[in-house]
Amino acid sequence: MRDPFVGIVSPTQDAVARAASHLRAGELVAFPTETVYGLGADARNADAVRRIFAVKQRPADHPLIVHVPDATHVPRWARDVPPGAKALADAFWPGPLTLILPRAAQVSDTVTGGQDSVGLRVPSHPVAQALLAAFAAIGGEGIAAPSANRFGHVSPTTAAHVEADLEDEVAMILDGGASEVGIESTIVGFAHGAPLLLRPGGIGIDELTRVLRVRPRTADTDAPRASGTLASHYATRTQAFLVSADRLRTEIAQREDRDERVAVLARALDAPPAFEGPWIRAAADAGPYAHDLYANLRKLDAAGTDAILIEAVPDAPEWLAVRDRLTRATHAGAQDDRD
Ligand code: TXA
Ligand code: MG
């Protein structure tokens, strides 16, 4: 039987221990990480992992990341750690990096979506670390966790975002404040030899290159399936459009002429004097911009306008992960193929 939902809980030692027990009992627990909030299940419990897919309405062939307390746990999940992967783990764990490695024999197909690889991450958030430690103390080996949102929706960066999306689907939501990075981990694949950047994220491509001493290739259509790589991911319910700074005012005027109400996520520009809709002027730098991105999108989405216009961001390497999320959030087909 499922435990009753207790809502958002402050992460005291006692609450974290109870969360770990819920996981051991096959329940789902939402917890903070430095990237986004995760929807956690015992990664060794196939039934619990299946519930993640059911709750998120996520297709079964989209693999989950297994979170472990530190790199010494990797051999339980991966049969091989190539030197490049080891170097990245040494440099960036704990932190916003996920490694895709050849999976060890006993890893369940439910977690890996049937692939011969497994995604592993050591999160740095103190509450995630405390939960992993408490879970390990009662025999847990790893926590499978996707972002704690419905499939295709904007990822959560606060406990309130999780509650809004998943309500009573989880036994407990541990509150760890606003996620520091604000966008998902960087995913680097080593399942097929040379490093492949599968998803840009919290660790920039220049930082990866510095450690790997080669620039990782970026994912192409042959890459292993990663749900964050679906064109329509990270979508708002309101249709969103990327607009260059040059065109933003004209675009607003044209839409207002058609009696459309618009919400704007600006970066450099201030609202025109007569503008009445919601206007958020986001941070000028990539780090703080990413930190607030999902909360900003959720706020603008909640305004229920006809469209969200997003001022395009710079074409520089440090903006790669933000550009990736904005492109997906504004993908033209988003209305048709997301859920
Ligand atoms: O920052 C993050 O990574 C957050 C926090 C909670 O850790 N998690 C997250 O999980 O973003 P999720 O499920 O929303 O995205 C994980 C991505 C998906 O695109 C998934 O397909 C990919 O990782 N992935 C996991 N295992 C994989 C594998 N074996 N091969 C290829 N892609 C994999
Ligand atoms: Mg996700």
Side-chain angles (χ1 to χ4, degrees), residues 28-41 43 49 52-53 55-68 77-78 85 92-104 107-125 127-129 131-132 142-157 161-162 165-166 174 176 179-192 196-203 219 222-235 290 294 321 324-325 328-329 338-339:
L28 305 187
V29 168
F31 63 98
T33 85
E34 69 280 17
T35 58
V36 300
Y37 275 64
L39 175 63
V49 172
I52 289 182
F53 286 89
V55 163
K56 278 201 64 143
Q57 295 149 15
R58 172 168 164 138
D61 60 350
H62 288 259
L64 302 179
I65 296 169
V66 177
H67 298 70
V68 293
W77 300 93
F92 300 117
W93 277 354
L97 171 76
T98 297
L99 297 174
I100 308 296
L101 299 170
R103 76 171 185 185
V107 183
S108 141
D109 277 338
T110 323
V111 170
T112 65
Q115 306 207 42
D116 190 35
S117 56
V118 63
L120 295 173
R121 177 158 113 79
V122 177
S124 64
H125 194 294
V127 177
Q129 277 286 331
L131 181 62
L132 284 161
I143 302 176
S147 51
N149 54 283
R150 304 265 181 205
F151 187 65
H153 192 206
V154 178
S155 299
T157 53
H161 292 166
V162 178
D165 245 36
L166 300 177
L174 286 174
S179 294
E180 195 183 324
V181 177
I183 56 174
E184 298 79 354
S185 61
T186 300
I187 305 183
V188 186
F190 286 91
H192 307 281
L196 182 63
L197 179 63
L198 288 164
R199 180 175 72 183
I203 307 283
D222 296 333
R225 188 140 192 200
S227 76
T229 64
L230 280 184
S232 68
H233 244 64
Y234 315 107
Y294 292 144
D324 170 80
R325 303 309 189 274
R328 295 179 201 291
R338 70 165 195 245
D339 58 354

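Whatever order the structure lists them in is the order used to number ligands and atoms, beginning at 1. None of these values were measured; they are calculated from a predicted model.
- Under a 4.0 angstrom heavy-atom cut-off, I65 registers as being in contact with ligand 1.
- Each of V55, L39, N149, V154 was evaluated against D165; a single residue qualifies, N149, per the side-chain contact (heavy atoms from CB on, under 4.5 Å) test.
- Among I100, L64, L99, the residue whose heavy atom lies closest to atom 30 (N) of ligand 1 is I100.
- In the displayed structure, Q129 atom CD is contacted under 6.0 Å by more than 12 heavy atoms of other residues, nucleotides or ligands.
- A donor atom on one side chain and an acceptor atom on the other are not found under 3.5 Å apart for T35 and S185.
- A side-chain contact (heavy atoms from CB on, under 4.5 Å) with P96 is found for one member of V36, T33, I203 and no other, namely I203.
- Between E184 and R121, no side-chain nitrogen of the basic residue sits less than 4.0 Å from a carboxylate oxygen of the acidic one, so the salt-bridge criterion is not met.
- If you number the atoms of ligand 1 from 1 as listed, the ones under 4.0 Å from a heavy atom of H67 come out as 5 (C), 6 (C), 7 (O).
- Nearest-residue assignment for atom 8 (N) of ligand 1 (options A145, G40, G201; heavy-atom criterion): A145.
- Set against the non-hydrogen atoms of T35, the atoms of ligand 1 under 4.0 Å away are 1 (O), 2 (C), 4 (C), 5 (C).
- Contact annotation: the side chain of S147 never approaches that of H153 to less than 4.5 Å [non-hydrogen atoms, C-beta and beyond].
- Not a single N, O or S atom of S155, from either the backbone or the side chain, sits less than 2.8 Å from the Mg ion (ligand 2).
- Only the side chain of R58 comes within 4.0 Å of ligand 1, judged by heavy-atom distances.
- Under 4.0 Å from ligand 1, not a single heavy atom of R103 appears.
- Within ligand 1, the atoms closer than 4.0 Å to a non-hydrogen atom of S147 are 8 (N), 9 (C), 10 (O), 12 (P), 14 (O), numbered from 1 in the order shown.
- At a 4.0 Å heavy-atom cut-off, ligand 1 touches I187 through the side chain alone.
- No option in V162, L174, T157 other than L174 meets the side-chain contact (heavy atoms from CB on, under 4.5 Å) test with P32.
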